[in-house]
Chemist: 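Take a look at this one; I'll ask things after.
These values consider heavy atoms only, across backbone and side chains, with no hydrogens, waters or symmetry-generated copies. Residue numbering restarts at 1 for every chain, and letters A, B, ... go by the order of the sequence lines.
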Amino acid sequence: MQFSLTPYAGLQWSDLWFILEGGLSTILLSVVSGAAGTILGCALGWLRERSPVFSWLMAFPVDVVRSVPLIIQFILVNSLFSALGVPLDPLQVGLLTLSLYMGMQTSELVRAGIRAVPVQLQKAGRSLGMTGWQVERCITVPLVLRTMLPAWIGTLIGLTKDTALVSVVGYIELLRAAQIVITRSNEALLILLGVGLFYFVICYPISKYGRWLEQRI
Amino acid sequence: MRTGWRMFDYHFYWSIVWAKFPMLLDGALLTIQITVLSVVLGLLAAIPLALWRRNGKGTLALFAGAWIESARNTPALFQIYMAYFGLGALGLHLSSYTALLIAIIFNNAGYLAEVLRGGLEGVAPQQAPAARSLGMNAFQSFTYVIFPQLFRIIFFPFVNQVNWALLNTSLGMMIGLRELTGATQMAQAESFRTFEFFLVAAGMYYVIAKIISLGALTAAWRIFRD
């Protein structure tokens with residue numbers, strides 16, 4: 001509550017910059033952890049589908065990440081690293097947790113995508129003299145990417161919305177920035193509507209595009 | 001006194017958590033209550049929304065579209081802040097319980113409306129006229145022909161949404177409500193044994209989520225086997 005001592009003051013231009021900076025942080029979190037999580041998720045998903053041992057090992061962590069609130073995951077990652085004696089700063093906690101979260105979600109999509117590829121296609125590839133890797137690279141991967149694209153877009157939008165929760169470990173992203181300004185200026189409705197519009201403008205076109213893709217495929 | 005096992009230089013003090021366990025249990029009950037209420041009321045709100053949106057024209061369709069799209073394309077935490085601070089600015093001061101409940105109902109209704117709409121689109125349009133031509137009235141054709149098919153399509157997406165509602169209730173902590181996450185936050189504030197407390201809370205969420213999904217699987221097995 002660093003602003004609680006400041007007396008009531010109306011909105012100022014500096015507040016707008018403060019909130020916009022929060023917006024940039026939200027975009028930074030989404031883009032970096034979206035990219036890292038997708039790469040991680042593709043690797044995890046492929047390994048889980050191709051190796052029964054790995055699949056068995058990963059089943060529990062994936063289950064946990066999907067059934068424990070993200071807000072608790074942030075707190076746990078934060079206090080785990082403090083407990084280990086290597087405290088992370090809030091941005092690092094946010095990026096790490098969101099990347100892992102995105103990775104787990106993406107790995108499920110990749111798995112479903114791989115399962116949707118008919119085995120006959122892979123066998124046909126092998127019978128044409130392709131090596132195992134060639135079949136993966138030229139037949140499985142393109143088909144998996146195609147089928148998982150709409151769901152992946154949905155997950156990415158979910159991630160963008162979930163960045164709002166990083167504030168629980170003290171990172172100032174868009175919603176937290178807005179809340180700080182609200183506490184000081186008391187202009188709750190105006191600021192919240194602006195912030196909601198910011199999220200909507202980012203998420204709505206992407207989700208529209210995702211739905212359009214889904215219908216096309 | 002040190003109890004528990006050692007990891008690096010950190011000592012786990014589980015006894016502090018057990019001393020506060022009743023507090024967490026109360027929180028868990030509140031969490032379950034809000035989850036159930038928000039899903040039931042959210043579903044009730046989703047039915048007209050799905051029908052209006054399916055109609056596709058007029059003010060009601062516009063209203064349904066605005067509700068569904070804003071519920072799906074803004075963070076749940078934003079929706080909760082809107083109910084708590086935003087409505088407060090309009091002079092409508094809600095308790096954190098009511099604000100959380102309303103926000104999650106709003107959120108659930110938006111998602112469930114799309115689930116219902118998808119379900120209605122999944123039932124072949126010839127089914128209703130066919131049922132009517134067999135002499136069924138509109139009510140009979142819905143209950144005996146349309147609904148069973150609809151139910152199959154929406155069952156698992158619905159269960160999925162129940163799980164999301166459970167996870168979303170954890171945001172009550174951000175507006176000071178003592179549901180499971182908020183209660184855990186309160187309980188650990190005296191000792192700062194954050195890690196132990198939230199590990200236990202995570203376990204409790206996991207158990208609740210497992211009960212939901214196992215219950216759903218059992219129900220599905222009983223309903224869908226034939």
Chemist: Sort out for me which of Asn163(B), Leu87(B), Leu199(B) touches chain A most, counting heavy-atom pairs under 4.5 Å.
Modeler: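 Most pairs with chain A among the choices: Leu199(B).
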Chemist: Taking all heavy atoms of Phe85(B) and all of Ala188(A), pick out the closest pair and write down the distance.
Modeler: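 Heavy-atom minimum between the residues: O-CB, 3.7 Å.
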Chemist: Any side-chain heavy atom of Leu165(A) sitting closer than 4.5 Å to one from Leu171(B)?
Modeler: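 When only atoms from C-beta onward are counted, Leu171(B) and Leu165(A) do touch, with a gap below 4.5 Å.
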Chemist: At a heavy-atom separation under 4.5 Å, does Leu166(B) approach chain A through its side chain, its backbone, both, or neither?
Modeler: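 When you check distances to chain A, no heavy atom of Leu166(B) falls under 4.5 Å.
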Chemist: Ala202(B) and Ile72(A): which non-hydrogen atoms are nearest, and at how many Å?
Modeler: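 Looks like CB-CG2, 4.0 Å.
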Chemist: Side chains of Lys161(A) and Asn73(B): does their closest heavy-atom pair fall under 4.5 Å?
Modeler: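 No - every pair of side-chain heavy atoms lies 4.5 Å or more apart.
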Chemist: What residues of residues 53-64 of chain A sit under 4.5 Å from chain B when only non-hydrogen atoms are counted?
Modeler: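 So far as heavy atoms go, Phe60(A), Asp63(A), Val64(A) are the residues that approach chain B to under 4.5 Å.
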Chemist: Measuring heavy-atom distances to chain B, does Leu192(A) have an atom under 4.5 Å in its side chain, in its backbone, in both, or in neither?
Modeler: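 When you check distances to chain B, atoms from both the backbone and side chain of Leu192(A) fall under 4.5 Å.
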Chemist: Nearest heavy-atom pair of Ile71(A) and Ser170(B): which atoms, and what distance?
Modeler: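 The answer is CG2-OG, 3.6 Å.
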Chemist: Less than 4.5 Å to any heavy atom of chain A: does that hold for the side chain of Met173(B), its backbone, both, or neither?
Modeler: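 The side chain, not the backbone.
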Chemist: Determine the minimum heavy-atom distance between Gly86(B) and Leu189(A), stating which atoms define it.
Modeler: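 So the minimum-distance heavy-atom pair works out to O-CD1, 3.4 Å.
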Chemist: Using 0.5 Å steps for rounding, measure from the CD1 atom of Ile75(A) to the OG1 atom of Thr181(B).
Modeler: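 These two atoms lie 7.0 Å from each other.
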Chemist: In terms of heavy-atom contacts, does CD of Glu121(B) have more than 12 from other residues, nucleotides or ligands at under 6.0 Å?
Modeler: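 Enclosed: over 12 neighbouring heavy atoms sit under 6.0 Å from CD of Glu121(B).
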Chemist: If you count heavy-atom pairs under 4.5 Å between each of Lys208(A), Arg66(A), Arg211(A) and chain B, which one has the most?
Modeler: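 Among the listed options, the one with the most contacts to chain B is Arg211(A).
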Chemist: Flag the pair Leu167(B) / Leu70(A) as yes when at least one side-chain heavy-atom distance between them is below 4.5 Å, and no otherwise.
Modeler: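 Not touching, per the 4.5 Å side-chain cut-off.
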Chemist: Measuring heavy-atom distances to chain B, does Gln179(A) have an atom under 4.5 Å in its side chain, in its backbone, in both, or in neither?
Modeler: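 For Gln179(A), the side chain is the part near chain B, not the backbone.
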Chemist: Of all heavy-atom pairs between Phe195(B) and Ser79(A), which one has the smallest distance, and what is that distance?
Modeler: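 It is CD1-OG, 3.4 Å.
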Chemist: Could you tell me whether Phe156(B) atom CZ has more than 12 heavy atoms of other residues or ligands within 6.0 Å of it?
Modeler: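 Yes, CZ of Phe156(B) has more than 12 neighbouring heavy atoms, counting only those of other groups under 6.0 Å.
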Chemist: Using heavy atoms and a sub-4.5 Å threshold, report which of residues 99-108 of chain B line up against chain A, by residue number.
Modeler: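 Answer by number: none.
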Chemist: Determine the minimum heavy-atom distance between Ser167(A) and Leu77(B), stating which atoms define it.
Modeler: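 Minimum heavy-atom separation between Ser167(A) and Leu77(B): OG-CD2, 4.5 Å.
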Chemist: Counting only heavy atoms not in Arg146(A) (residues, nucleotides, ligands), do more than 12 fall under 6.0 Å from its CZ?
Modeler: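 No, not enclosed.
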Chemist: Can you confirm whether Arg48(A) is buried at CZ, in the sense that more than 12 heavy atoms of other residues, nucleotides or ligands lie under 6.0 Å from that atom?
Modeler: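 Counting neighbours around CZ of Arg48(A), more than 12 heavy atoms of other residues, nucleotides or ligands fall under 6.0 Å, so yes.
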Chemist: Does any backbone or side-chain atom of Glu114(B) lie under 4.5 Å from a heavy atom of chain A? Answer side chain, backbone, both or neither.
Modeler: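 Just the side chain, heavy atoms under 4.5 Å.
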Chemist: Chain B heavy atoms under 4.5 Å from Val168(A): which part of the residue, side chain, backbone, both or neither?
Modeler: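 Interface part for Val168(A): both.
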